[in-house]
Amino acid sequence: MMHEAFLEQLYRWPEPLVDWLLTSSRMEWLAGIVKGFHMADGLMLAAMLVLGLALGGLFVIACYATELGRQVRFLTARDRASNARLTCGSRLPGMVGMVDAVNAEIDVADAERVEALRAADEFSRGLSALSHDVRTPLAGARGYLQLAREEADSTRKDEQLAAADARLASMSALLDELFSYARSADPDTPLELGPVALRPLLEQVLLGHYPEFDERGWEPALACGDVIVEADGEALSRIVENLVVNALRHGSGPLAVHVRPAGEKDLAAVEFSNPVADPSAIDADRLFERFYQADSSRATVGSGLGLSVAAKLAEAQGMTLSARLEGITLVVTLVMSIV
């Protein structure tokens, strides 16, 4: 008990001192100093955080600038004919995707360049062959005219003049095909689509070539109901004309024209089919290419532009033109919309 009373007196003795310190202005000053230190620490921490973020941002910007600069130098110095592709030297966000996208565009550009070179080479070779086809009848016509000048017999002279006229007509047909191709390939060529009765158009074209069919002993077959299609009448007539002429030039048997539904109720397919002498010499996938001729010796008449003109005109009207071989029979199919 005495021990506890002593401790109680000891605890009470410093109480006045503690109360004085707590109410003293010096204690408030000390508390202000401590509070100031706490604010300074907070400001320092905030400043260090801002500085760290700024330095981090500058570092990231420097990395992006370095990587982009390296890629720009690569693209600037890259040979277009090379197979070199852009690489990514870092894993910065978005950089890998950008590099992949740039490489994809380079691949597309290279493919287009290769295709353009192939088309230019093919055009050059085709144009050379076409110029040969034009010069041949022209030289023949000049030869017959020279003979006619020196011929005293009027009958022989007339024959030679007729032969010269035939050569000039052949050359005119070749030039007409070239002009037709140029017009069909022009996107500004005006086409007026409207309802066209298909059967009368097919009959008119076939009847126009009746002498040529009769000369070969062929009887063309036509199976077509009363079908109205959406087309430009003149352009559709030119397509059918070129397909019939192609069948006459390169076929070995009668032509059959059959119109049927194309799988959808608003589409019709016109099939032109006739046998060919050498189906192995025909590449159906290339049949509508400019200047393509199955006969590499070019012994047959024509410029190789007729089917290409037909394909261009069909495309301009929203139609599709395709070809396939069924044994010895070549089938060319024209699909168009029904009104």
Side-chain angles (χ1 to χ4, degrees), residues 39-131 178 180-191 283-293 296 303-305 307-324 335:
M39 291 180 63
D41 288 344
L43 291 174
M44 181 65 71
L45 181 61
M48 292 179 64
L49 180 60
V50 171
L51 180 61
L53 291 174
L55 291 175
L58 289 174
F59 176 75
V60 171
I61 291 173
C63 290
Y64 273 105
T66 302
E67 183 67 18
L68 289 174
R70 184 183 67 82
Q71 293 171 1
V72 168
R73 289 191 297 272
F74 168 81
L75 293 174
T76 303
R78 176 182 175 272
D79 184 3
R80 290 189 62 191
S82 73
N83 292 323
R85 292 295 181 268
L86 197 60
T87 59
C88 187
S90 65
R91 308 300 296 181
L92 294 170
M95 191 61 67
V96 175
M98 188 199 73
V99 168
D100 291 341
V102 171
N103 284 335
E105 290 299 319
I106 291 176
D107 291 338
V108 171
D110 283 353
E112 291 176 349
R113 178 178 57 83
V114 171
E115 178 62 23
L117 290 174
R118 186 196 68 80
D121 181 65
E122 178 188 342
F123 179 77
S124 179
R125 287 186 285 105
L127 200 59
S128 297
L130 182 61
S131 65
L178 185 60
S180 297
Y181 176 81
R183 288 194 61 195
S184 66
D186 184 0
D188 296 327
T189 299
L191 293 177
D283 186 350
D285 294 331
R286 297 187 57 205
L287 207 57
F288 303 104
E289 289 183 7
R290 179 182 56 198
F291 297 130
Y292 172 77
Q293 286 191 332
S296 58
S303 62
L305 287 173
L307 293 183
S308 183
V309 169
K312 290 289 185 182
L313 291 174
E315 181 182 359
Q317 299 176 85
M319 305 174 184
T320 59
L321 195 58
S322 60
R324 69 184 186 275
V335 178

Smallest separation among heavy atoms of F288 and A311, with atom names: CB-CB, 3.9 Å
Under the side chain to side chain donor-acceptor pair (under 3.5 Å) test, residues paired with E67 that sit two or more places apart: R70, Q71
Minimal non-hydrogen separation, A284 against A323, with atom names: CB-O, 3.8 Å
From I61 atom CD1 to T66 atom OG1, the distance as rounded to the nearest 0.5 Å: 11.5 Å
Quiz: residues 93-109 side-chain donor-acceptor pairs under 3.5 angstrom, not counting sequence neighbours:
unit_1 : atom_1 : unit_2 : atom_2 : d
N103   : OD1    : L86    : N      : 2.8
N103   : ND2    : L86    : O      : 2.9
N103   : ND2    : V99    : O      : 3.4
D107   : OD1    : R85    : NE     : 2.6
D107   : OD1    : R85    : NH2    : 2.8

Set of residues satisfying side chain to side chain donor-acceptor pair (under 3.5 Å) with respect to R78, sequence neighbours excluded: D110
